[in-house]
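Below, each value reflects all heavy atoms present in this structure, side chains not excepted, and no hydrogens, waters or symmetry copies.
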Amino acid sequence: MQEEKGLILSNKRIAKDTYRMEIQASIAKDMKSGQFVNVAVEGFMLRRPISICSVEDKTRFVIIYKVVGDGTAKLATLRTQGIIDVFGPLGSSYPIHEEEHEVLLIGGGVGVPPLYELAKQYRSRDARVYVVLGFNDKESVFYENEFQRLGCHVAVATMDGSYGTKGTVMDAIKEHGITTEFTCSCGPRPMLKAVEERYTRGYMSFESRMACGIGACMACVAKDKKEENMYHRICKEGPVFPIGKVEY
């Protein structure tokens with residue numbers, strides 16, 4: 001991991017309060033699906049942890065972020081050809097299981113982006129990839145077409161029923177008759193709990209408030225479900241863990 005001044009190649013709104021930023025930086029060559037970068041925002045002390053969406057090549061990568069406060073609102077104002085300070089890549093990644101020829105990827109809201117690079121990796125190995133995306137409403141839906149262009153089978157759920165299946169990702173999985181047992185997911189905790197109740201094989205990526213992002217401050221720990229007095233740092237040992245590994 002390293003700190004680098006990246007060049008902003010684009011920064012565009014792609015859905016309600018949701019932006020896609022492409023950055024040119026040499027750290028792209030070291031990135032893996034599921035990892036994140038810590039982004040410095042001028043005028044704010046703490047960096048913002050943002051998942052890596054895709055690695056375009058050895059010098060370019062993409063992040064997708066949602067405007068939820070003053071810091072991310074400031075990010076949304078940054079112009080093309082501007083400079084952005086990024087630190088990373090950080091955290092654990094999704095392991096690639098080459099023996100798995102069929103994979104189910106489940107994403108909710110801002111948990112969708114890290115699954116895109118993962119889908120690319122499995123499709124490059126000719127695996128059949130099912131992708132189920134959950135959002136609040138039609139205006140919040142993004143990257144459905146991008147996953148389809150990779151050759152994935154895509155289903156979308158919205159809580160208000162304005163697009164796709166009405167309800168949760170689990171409702172969409174049932175409606176589309178998806179029976180794949182190996183799954184990787186990322187999203188809000190209620191979604192992850194539902195996934196864990198249904199699946200036992202695969203991995204989850206956890207969202208957590210972070211301060212340092214490198215495991216030093218111990219602000220984002222989660223208890224191990226099986227080993228007593230064992231704790232894991234979401235930013236260091238995570239954010240990706242095997243299903244059933246940590247409490248949340």
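Side-chain N or O atoms of S205 include none that pairs as donor or acceptor with a backbone N or O of V240 at under 3.5 Å. Side-chain atoms of E175 never come within 3.5 Å of backbone atoms of T165 as a donor-acceptor pair (strictly under, hydrogens ignored). With hydrogens and angles disregarded, a donor-acceptor distance shorter than 3.5 Å links the side chain of Q35 to the backbone of G91. Between the side chain of R123 and the backbone N or O of Q121, no donor-acceptor pair lies under 3.5 Å. A donor-acceptor pair under 3.5 Å is formed between the side chain of S162 and the backbone N or O of K138. Using modelled atom types, no side-chain atom of Q148 and backbone atom of V154 make a donor-acceptor pair closer than 3.5 Å. Under a 3.5 Å cut-off, the side chain of K120 and the backbone N or O of V55 do form a donor-acceptor pair. Under the 3.5 Å distance criterion, the side-chain polar atoms of E102 are left unmatched by any main-chain donor or acceptor of R128.
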| E117 vs I52, side chain to side chain contact (heavy atoms under 4.5 Å, CB included): CA-CA, chis, key distance, verdict | CA-CA 8 Å; E117 180 63 31; I52 296 161; 5.8 Å; no
| field | R125/I96 under side chain to side chain contact (heavy atoms under 4.5 Å, CB included): CA gap, chis, key distance, verdict | value | CA-CA 10 Å; R125 292 163 171 77; I96 303 297; 3.6 Å; yes
| From CA spacing to verdict: side chain to side chain contact (heavy atoms under 4.5 Å, CB included), F147, Y130 | CA-CA 9 Å; F147 279 107; Y130 293 92; over 6 Å; no
| message | Run V39 and R47 through side chain to side chain contact (heavy atoms under 4.5 Å, CB included) and show every step you take. | response | CA-CA 5 Å; V39 177; R47 291 174 176 263; 5.8 Å; no
| message | Checking E146 against R149 for the salt bridge (charged side-chain N to carboxylate O under 4.0 Å, His left out) test, could you report, in this order, the C-alpha distance in whole Å, the side-chain angles of both residues, the deciding distance, and whether it holds? | response | CA-CA 5 Å; E146 284 78 359; R149 282 196 286 268; 3.6 Å; yes
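Taking a 4.5 Å side-chain heavy-atom cut-off between Ile, Leu, Val, Met, Phe, Trp and Tyr, the cluster of M159 contains only that residue. With a 4.5 Å cut-off between side-chain heavy atoms of Ile, Leu, Val, Met, Phe, Trp and Tyr, the cluster of L7 takes in L9, I83.
Once rounded to the nearest 0.5 Å, the distance linking NZ of K58 with OG of S26 reads 12.5 Å. For the atom pair S54 OG and M31 CE, the distance stands at 10.0 Å (nearest 0.5 Å). Rounding to the nearest 0.5 angstrom, the gap separating the CG atom in L90 from the CD1 atom in I50 is 12.0 Å. Here CZ of R79 is found 14.0 Å from OG of S10. Values are rounded to the nearest 0.5 Å. One finds the NZ atom of K245 at 12.0 Å from the NZ atom of K225 (value rounded to the nearest 0.5 Å). To the nearest 0.5 angstrom, C184 atom SG is 5.5 Å from Y122 atom OH.
Taking the side chain as every heavy atom from C-beta outward, L115 and V131 never approach each other to under 4.5 Å. D85 places a side-chain heavy atom less than 4.5 Å from the side chain of E3. Side-chain contact between Y65 and L75 is present, with at least one heavy-atom pair separated by less than 4.5 Å. At least one side-chain heavy atom of I173 sits less than 4.5 Å from a side-chain heavy atom of Y199. Side-chain contact check for N38 versus P49: some heavy-atom pair is nearer than 4.5 Å. Contact check for L150 versus V129: no side-chain heavy atoms found under the 4.5 Å cut-off. Side-chain contact between V141 and L133: absent, with no pair of heavy atoms (C-beta onward) separated by less than 4.5 Å.
Heavy atoms only, all atoms of each residue included: S140 and K16 are closest at OG-CE, 3.3 Å. Minimum heavy-atom separation, A15 to F142: CB-CB, 4.0 Å. Summarising the geometry of S185 relative to V195, their closest heavy-atom pair is OG-CG1, 3.9 Å, with the distance given to 0.1 Å. Among all heavy-atom pairs drawn from E227 and D224, the shortest one is N-OD1, 2.9 Å. In plain terms, the two heavy atoms of M191 and G107 that are nearest each other are SD-C, 3.9 Å. For S51 against P114, the heavy-atom pair with the smallest separation is CB-CD, 3.9 Å.
In this structure, V103 is not a member of the same hydrophobic cluster as I178, with clusters built from ILVMFWY side-chain heavy atoms closer than 4.5 Å. Residues V156 and V112 share a hydrophobic cluster, clusters being chains of Ile/Leu/Val/Met/Phe/Trp/Tyr side chains in contact below 4.5 Å. Residues L104 and M204 fall within the same hydrophobic cluster, defined by Ile, Leu, Val, Met, Phe, Trp and Tyr side chains chained together at heavy-atom separations under 4.5 Å. Cluster membership for I243 and F241, using ILVMFWY side-chain heavy atoms within less than 4.5 angstrom, is shared. The hydrophobic cluster containing F206 also contains I106, counting ILVMFWY residues as joined when their side-chain heavy atoms lie under 4.5 angstrom apart, directly or transitively.
Applying the 6.0 Å contact sphere to CD of E99 captures more than 12 heavy atoms from other residues, nucleotides or ligands. The number of heavy atoms from other shown groups lying within 6.0 Å of NZ (K29) is above 12. For D70, the CG atom is loosely surrounded, since the number of other residues' heavy atoms within 6.0 Å does not exceed 12. Around CZ of F44, the count of heavy atoms belonging to other residues, nucleotides or ligands within 6.0 Å exceeds 12.
Between R201 and the choices E181, E100, E196, the salt bridge (Lys or Arg N to Asp or Glu O under 4.0 Å) rule is met once, by E100.
Using the six-membered ring where Trp is involved, Y143 and Y116 have ring planes that are perpendicular, over 60° apart on the 30 and 60° scheme.
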